[in-house]
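The block underneath contains the structure these notes are about, expressed in structure tokens.
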Amino acid sequence: MKILHTADWHIGKKLHKHELNEDFDLFINWLVDYIRSEKIEVLLISGDIFDLANPSSEARKQYYQALVKLQQLECKIIATGGNHDSPAMLDAPKDLLRALDMNVIGGLPVDLEETLVPIYNNKKEVELVVAAIPYLRDADLRSGAGVTNYEDRIEAIREGIKDIFHTVAEICKTSYPDIPVITMGHLYTAGIESSESERDIQIGNLAAFKASEFGDHFSYVALGHIHKPQKVNAAIPVYYSGSPIPLSFSERKDDKRVLVLDTQKGWEPESIPLPVFRKLIRISGTISKIQQKLNDLVATNDLHSLIEIDLIEDQYDAQKIYALDQLVNNFEKPGFVIVKQRAQFKNQTKGTSELYSETQQLEDLKPKDVFLELIENHEYDQEAKKEILSAFDEILEEVQQSEKPVQ
């Protein structure tokens with residue numbers, strides 16, 4: 001049986017206000033062709049289908065159009081919700097999708113047996129079980145009961161995640177003895193490499209889950225949330241497929257991929273590289289160096305390449321900031337778009353608030369960075385500071401779950 005693992009589609013994502021809908025459409029077209037040509041039998045999508053909990057009508061349309069294309073293939077589709085997704089929105093059409101042989105589990109069901117999706121072979125026998133576990137929220141983990149301090153809260157979250165995966169494994173042993181099980185998950189594990197575009201989850205990523213806690217019953221763990229594709233150190237195969245397209249400039253050098261399992265060969269996946277649909281380019285240096293690098297650019301992709309510019313000079317000079325603005329405003333080269341610019345001066349010392357206003361736009365700052373700067377002006381002991389940050393992380397996650405789409 002051939003199984004394809006992908007995750008973190010982030011439909012509706014904008015990169016510095018630049019739409020990435022064309023990138024996603026090209027990926028889906030590639031995915032459909034690959035599934036058809038390689039006779040993939042199961043498609044796993046491990047969370048963060050959308051970029052916003054309340055996606056725009058255009059993003060929803062793109063999602064359903066992708067499902068229509070995929071449904072025409074002889075391939076079982078199983079998707080789970082991520083921390084960016086609304087469980088209610090993903091779960092709403094589940095009966096309709098199930099009738100089309102698609103299983104989408106937005107939020108954790110009360111009955112964990114409902115996360116189990118049996119996969120049948122040509123003889124109508126169960127050959128594989130997929131435990132489709134979505135992103136686990138506080139209500140799923142019940143991590144607040146009996147917790148009195150910050151460290152206990154972190155440990156409670158870890159134990160809650162562990163308990164759910166272990167309970168699912170026990171159900172599989174009882175209901176599907178001797179049948180291999182793949183589990184899906186959307187979480188942050190210890191020791192991995194992240195990028196700029198993932199949101200912090202579960203107390204600012206501090207409750208990192210140890211991959212060894214998945215146990216030994218699962219044959220493969222298909223993870224989402226981290227956008228850089230990578231293997232996690234564990235006794236069983238545990239992998240992040242990564243996002244199929246770059247979602248921030250920190251991912252511009254990542255080799256985007258999907259992972260393919262052939263169960264006849266084993267449980268270590270084959271890494272399948274994805275085409276580069278669009279280049280992200282970061283150009284830094286003095287005004288003259290930036291100008292030279294812009295002049296040397298040569299278009300190579302179907303989609304416009306997006307450019308970030310960092311002006312780096314020794315001494316502060318308002319004329320150089322003006323020159324950068326003029327350079328950006330007058331830049332016209334087919335196949336390229338400058339989406340962000342900033343300036344920094346090595347020999348100028350400024351306060352943090354001044355530094356923000358001079359070199360960064362508000363949209364580039366993470367909410368937690370701004371909050372950390374705010375509480376730096378108050379004298380809190382270390383324990384109080386941890387409690388305040390923990391409360392902030394909880395509030396931030398609730399706010400992100402109720403985001404409104406940008407019209």
Side-chain angles (χ1 to χ4, degrees), residues 8-27 48 50-52 55-56 58-59 62 84 194-199 227-228 242-256 274-313 320-345 355-367 369-370 400 403-407:
D8 296 281
W9 285 4
H10 286 270
I11 303 172
K13 172 71 176 180
K14 294 182 181 181
L15 184 52
H16 301 313
K17 299 183 180 179
H18 192 95
E19 300 274 1
L20 298 181
N21 55 326
E22 291 179 290
D23 311 58
F24 179 73
D25 281 340
L26 288 173
F27 162 66
D48 280 354
F50 290 102
D51 192 58
L52 294 174
S56 66
E58 291 81 4
Q62 200 169 26
H84 281 246
S194 60
S195 68
E196 294 174 357
S197 56
E198 301 108 0
R199 289 179 185 161
H227 298 166
K228 183 180 178 63
S243 59
I245 60 175
L247 300 171
S248 72
F249 277 82
S250 68
E251 299 173 34
R252 68 191 186 280
K253 296 181 180 179
D254 289 356
D255 294 323
K256 296 302 183 181
L274 290 168
V276 178
F277 306 116
R278 184 198 301 277
K279 288 187 69 175
L280 303 184
I281 302 168
R282 181 173 285 163
I283 294 176
S284 60
T286 62
I287 281 288
S288 59
K289 286 184 178 179
I290 290 170
Q291 179 70 73
Q292 184 60 50
K293 291 176 182 178
L294 290 174
N295 291 339
D296 292 342
L297 291 173
V298 178
T300 57
N301 297 95
D302 294 336
L303 301 181
H304 283 56
S305 296
L306 305 183
I307 304 172
E308 264 191 357
I309 291 181
D310 287 321
L311 173 66
I312 303 173
E313 297 277 1
K320 290 177 180 176
I321 295 177
Y322 176 75
L324 177 62
D325 288 338
Q326 290 297 105
L327 180 62
V328 170
N329 293 336
N330 296 326
F331 177 75
E332 290 185 9
K333 177 170 277 197
F336 298 92
V337 178
I338 298 174
V339 295
K340 181 182 176 184
Q341 68 191 79
R342 57 193 169 201
Q344 56 180 303
F345 302 95
L355 186 64
Y356 281 167
S357 62
E358 188 67 61
T359 68
Q360 291 182 286
Q361 300 172 18
L362 183 60
E363 67 183 56
D364 299 324
L365 299 175
K366 290 186 176 181
D369 294 332
V370 179
Q400 289 171 337
E403 282 180 312
K404 302 297 181 185
V406 178
Q407 300 297 330

Requested in this report: Would you sort out whether Lys13 and Glu19 count as a salt bridge (Lys or Arg N to Asp or Glu O under 4.0 Å), showing the intermediate values?
Outcome: CA-CA 7 Å; Lys13 172 71 176 180; Glu19 300 274 1; over 6 Å; no
Query - Neighbour count >12 (heavy atoms, 6.0 Å) for atom CG, Asp325 - result: yes
Report task. Applying side-chain contact (heavy atoms from CB on, under 4.5 Å), name anything that partners Gln292, two or more places apart in sequence or on another chain. Result -> Asp296
Query raised in the report: Looking at residues at least two apart in the chain, or sitting in another chain, which of them share a side-chain contact (heavy atoms from CB on, under 4.5 Å) with Ile290?
Result: Ile283, Leu294, Ile309, Leu311, Leu327
Report task. Taking the six-membered ring for Trp and the single ring otherwise, decide whether the centroids of Phe24 and His10 are under 6.0 Å apart. Result -> no
Requested in this report: Taking Ser243 for its side chain and Pro246 for its backbone only, find out whether a donor-acceptor pair lies under 3.5 Å.
Outcome: no
Query raised in the report: Taking atom types as modelled and ignoring hydrogens, do the side chains of Glu58 and Asn21 form a donor-acceptor contact shorter than 3.5 angstrom?
Result: no
Does any part of the side chain of [Y], heavy atoms only, come nearer than 4.5 Å to the side chain of [X], both counted from C-beta?
{"X": "Lys17", "Y": "Val339", "result": "no"}
{"X": "Leu297", "Y": "Ile307", "result": "yes"}
{"X": "Phe277", "Y": "Leu20", "result": "no"}

Requested in this report: Evaluate side chain to side chain contact (heavy atoms under 4.5 Å, CB included) for Glu251 paired with Lys228, printing each intermediate quantity in order.
Outcome: CA-CA 7 Å; Glu251 299 173 34; Lys228 183 180 178 63; over 6 Å; no
**Report entry** Pair Lys256-Ile245, side chain to side chain contact (heavy atoms under 4.5 Å, CB included): steps then yes or no
**Finding:** CA-CA 7 Å; Lys256 296 302 183 181; Ile245 60 175; 5.9 Å; no
Query - Working for side chain to side chain donor-acceptor pair (under 3.5 Å), residues Thr300 and Lys279 - result: CA-CA 9 Å; Thr300 57; Lys279 288 187 69 175; 4.8 Å; no
Requested in this report: List the steps, then state whether side chain to side chain contact (heavy atoms under 4.5 Å, CB included) holds for Leu15 with Lys340.
Outcome: CA-CA 10 Å; Leu15 184 52; Lys340 181 182 176 184; over 6 Å; no
Report task. Please assess Glu308 against Arg342 for the test salt bridge (Lys or Arg N to Asp or Glu O under 4.0 Å), listing each intermediate value before the final yes or no. Result -> CA-CA 8 Å; Glu308 264 191 357; Arg342 57 193 169 201; 3.7 Å; yes
Query raised in the report: side chain to side chain contact (heavy atoms under 4.5 Å, CB included) between Ile281 and Phe336: does it pass, once the steps are laid out?
Result: CA-CA 10 Å; Ile281 302 168; Phe336 298 92; 3.9 Å; yes
**Report entry** Sequence-distant partners of Glu22, salt bridge (charged side-chain N to carboxylate O under 4.0 Å, His left out), two or more places apart
**Finding:** none
